[in-house]
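Residue numbers start from 1 in every chain, and the chains themselves are labelled A, B, ... in the order their sequence lines are given, proteins ahead of strands.
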Amino acid sequence: MTTKPARTRLAPSPTGRFHLANARNALYSYLLARQTGGQFILRIEDTDQKRFVPGAEEVIVRSLDWLGISPSESPFHGGIYGPYRQTERREIYLQHAQLLVNGGHAYPCFCTSERLNQMRKEQEARKVDRVRYDGTCRLLDPDDAARRIAGGEKYVIRFKMPYEGTTTAHDHVRGDIVIENKYLDDYVLLKSDGLPTYHLAAIVDDHEMKITHVLRSAEWLPTFPLHVQIVRAFGWDEPVWVHPSIMLKPSGKGKMSKRDTAAAMKDGHSIFIDDLNELGYLPEGVLNWIAFMGWGVAEDDVMTLDQMVERFSIDSLTPSPAAINFQKLDHFNGTHIRLLTTEDLAARIKPYLTGAGLDVPHETLLKVTPLIRERLVTLDDSLAFATFFFKDTVEPNPEDLIAKGLDAKQSAEIARRSHEILASLPDISHQTAEPPMREYVERSGYNANQVFGIVRVAVTGQRVSPPLFESMEIIGRENVLERLRNAAQMLEKM
RNA sequence: GCCCCCAUCGUCUAGUGGACUAGGACGCAGCCCUUUCAAGGCUACGACCGGGGUUCGAAUCCCCGUGGGGGCACCA
């Protein structure tokens with residue numbers, strides 16, 4: 001591809017959590033920028049001070065960093081097109097709003113919210129197709145308006161939307177979108193607090209920051225023609241507009257709600273990036289999962305970030321809404337876990353183990369890791385599979401100690417015998433331990449399931465574990481023997 | 001209610017008029033491997049929303065239905 005460097009942006013508001021849709025827009029933006037040798041930047045859209053959530057900006061940056069798709073310009077990274085926080089750009093919007101007013105594309109409006117509410121009520125009563133600003137202040141004499149502003153009267157700046165005609169906006173994913181202007185409105189561009197609304201701020205910033213491709217969620221489609229009109233009113237060139245599909249809840253019925261996110265969390269899943277991190281997901285897995293939600297690839301498969309950079313194209317983005325599929329997340333996560341080197345995986349597992357209060361010697365962890373690797377879906381699954389390696393004793397459930405089809409007495413015998421056999425061995429490596437144990441299975445008349453099952457529960461404290469003999473080798477001779485003794489005693493008392 | 005968008009297996013998707021007996025992935029089922037659980041391998045099941053056109057020929061183009069989604073703020 002011989003495209004010129006793309007400048008892309010992620011422009012979230014610091015009003016809540018950083019979720020899947022944010023991450024996916026960020027990913028695609030990042031991919032496009034890196035692929036073309038351009039820049040991916042982060043701009044904070046904090047013009048709604050009422051909804052501002054302290055700390056939200058940090059979560060955004062942390063999430064991006066964790067995913068490995070950090071911006072090169074942002075309030076935190078700096079950059080020559082800053083400031084990257086909209087509240088710090090007031091003057092710029094003020095000037096641009098004035099430009100629009102001077103050009104006859106916008107006008108000051110003094111209508112109070114009370115009047116607006118009443119107006120809306122009346123229009124609804126009349127059952128108009130589209131409730132829309134009635135244009136009262138459009139007719140104001142400019143000098144008059146200027147005097148009222150000078151007099152300190154509160155006002156907003158509204159866009160002067162044509163009452164007739166149509167607007168055609170071109171979305172790269174969907175093609176031309178045509179709408180009759182009468183269904184649009186005289187949107188407020190500058191609020192009475194002097195801060196811009198999204199419509200003005202985003203358009204001005206994207207231009208000022210030399211953004212070439214605007215990637216944003218399809219929720220913006222309804223006001224997309226407005227944005228195009230604003231760009232044209234300024235006389236600027238349009239960026240390439242790209243609206244990836246909306247993400248739906250797993251059932252496919254609507255967007256994720258509070259309820260849905262809570263339900264997902266109960267299931268060990270989440271749409272929030274910081275949650276995913278804590279839940280034990282890998283950034284690689286999350287990225288791979290997100291990548292395919294709205295990006296149509298013929299043979300989708302595991303992909304690394306670098307491979308995505310290579311293969312990504314805004315031409316293959318899909319327009320239809322996509323249901324979130326957490327099972328696929330699990331699949332990709334497991335796959336990426338298996339792709340990690342032992343050292344890497346061990347390092348990532350460790351916090352989950354130590355976090356549970358376990359003392360985790362690194363050498364032991366390195367031996368354990370290959371044993372549990374293909375059993376992990378998330379990193380915290382390591383707790384279920386590896387805890388017994390790092391404890392001095394285990395407390396098996398007595399009932400689990402009794403093998404299927406046998407009674408306590410027989411099971412005790414097996415435990416005792418196994419102890420004897422293992423105790424007689426020079427070492428307990430799986431190479432030396434397995435043959436005599438298998439021989440015992442043959443001779444005893446019990447089956448492998450029964451014998452190894454008892455030993456497994458005795459030694460690991462659980463019915464499900466990594467491979468028995470390899471595990472015993474790591475646990476160590478003395479420890480294994482003791483656990484077997486305890487189990488035999490337990491069984492004999494039953 | 002109005003506007004906009006969308007429509008291929010349960011889900012994510014490939015498909016840009018003939019190469020489609022419609023391909024892949026997840027999930028699901030079965031088999032193999034196996035001391036448990038996984039992982040892995042193999043196999044099966046499984047879709048072009050409906051109706052009209054256009055065309056020699058339509059999953060692919062057009063129209064109308066229907067269904068789903070999104071949006072109708074001095075929020076983004």
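Backbone-only contact: A/Arg130 has heavy atoms under 4.0 Å from sugar-phosphate atoms and none from a base. Using a 4.0 Å heavy-atom criterion, one finds that A/Lys255 contacts the sugar-phosphate atoms exclusively. At the heavy-atom level, A/Ser13 lies under 4.0 Å from the strands shown only through sugar-phosphate atoms. Within the nucleic acid shown, A/Trp220 comes within 4.0 Å of at least one base atom, counting heavy atoms only. Counting non-hydrogen atoms under 4.0 angstrom, A/Phe469 reaches a base of the nucleic acid. Here A/Val156 lies in heavy-atom contact (under 4.0 Å) with a base. Among the heavy atoms of the strands lying under 4.0 Å from A/Ala448 are primed sugar atoms or P, OP1, OP2 only; no base atom is included. Using a 4.0 Å heavy-atom distance criterion, A/Gly334 is classed as making no nucleic acid contact. Residue contacts shown for A/Val297 are limited to sugar-phosphate atoms, with no base heavy atom under 4.0 Å away. Contact annotation for A/Gly296: backbone-only contact, meaning every heavy-atom pair under 4.0 Å involves sugar-phosphate atoms and none involves a base. Within the 4.0 angstrom heavy-atom criterion, only backbone atoms of the sugar-phosphate kind lie near A/Arg174; the bases stay farther away.
Other residues, nucleotides and ligands contribute only 12 or fewer heavy atoms inside 6.0 Å of the CD atom of A/Glu399. Atom CZ of A/Arg259 sits in a sparse spot, with 12 or fewer heavy atoms from other residues, nucleotides or ligands closer than 6.0 Å. Annotation for A/Glu164: atom CD does not count as buried by contact number, only 12 or fewer foreign heavy atoms lying within 6.0 Å.
Under 4.0 angstrom from either OP1 or OP2 of B/C75 there lies at least one side-chain N or O belonging to A/Lys191. Side-chain nitrogen and oxygen atoms of A/Thr47 include at least one within less than 4.0 Å of the OP1 or OP2 phosphate oxygen of B/A76. The shortest distance between the side-chain N/O atoms of A/Thr318 and the OP1/OP2 oxygens of B/U13 is below 4.0 Å. For B/C74, the OP1/OP2 oxygens have no side-chain nitrogen or oxygen of A/Lys154 closer than 4.0 Å. Proximity of A/Arg438 to the phosphate of B/U35: a side-chain N or O atom is located under 4.0 Å from OP1 or OP2. Between B/G27 and A/Lys328, no contact under 4.0 Å exists linking OP1 or OP2 to a side-chain N or O.
Listed nucleotides: B/U11, B/C2, B/A38. Nearest to the side chain of A/Glu374: B/A38. Distances were taken from every side-chain heavy atom of A/Gln327 (C-beta onward) to each of B/C26, B/A38, B/U13; the shortest belongs to B/C26. Checked against B/C6, B/C2, B/C75, the side chain of A/Pro321 finds its nearest nucleotide in B/C6. Closest contact between the side chain of A/Arg120 and the listed nucleotides B/C12, B/A76, B/C74 involves B/C74.
If you take atom C1' in B/C12 and the same atom in B/G71, they sit 25 Å apart, rounded to whole Å.
Evaluation of atom-type donor-acceptor distances gives a pair under 3.5 Å for the side chain of A/Ser192 against the base of B/C74.
Seen from the ring of A/Tyr163, A/Arg138 counts as a face-on cation partner, given the 6.0 Å and 45° thresholds. Annotation: cation-pi pair A/Arg148/A/Tyr155 absent, no NZ/CZ under 6.0 Å from the ring centroid and within 45° of its normal.
Heavy-atom distances to RNA chain B give each of A/Leu317 and A/Tyr198 a nearest nucleotide, and the one nearer the 5′ end belongs to A/Leu317. Projected onto RNA chain B by closest heavy-atom contact, A/Pro222 and A/Ser316 fall at different nucleotides, the more 5' of which corresponds to A/Ser316.
Screening A/Trp289, A/Phe332, A/Tyr281 for a ring-ring contact (aromatic ring centres under 6.0 Å, His included) involving A/Phe326 leaves a single residue, A/Trp289.
We find that OH of A/Tyr187 is positioned 13 Å from P of B/G71, with the value rounded to whole Å.
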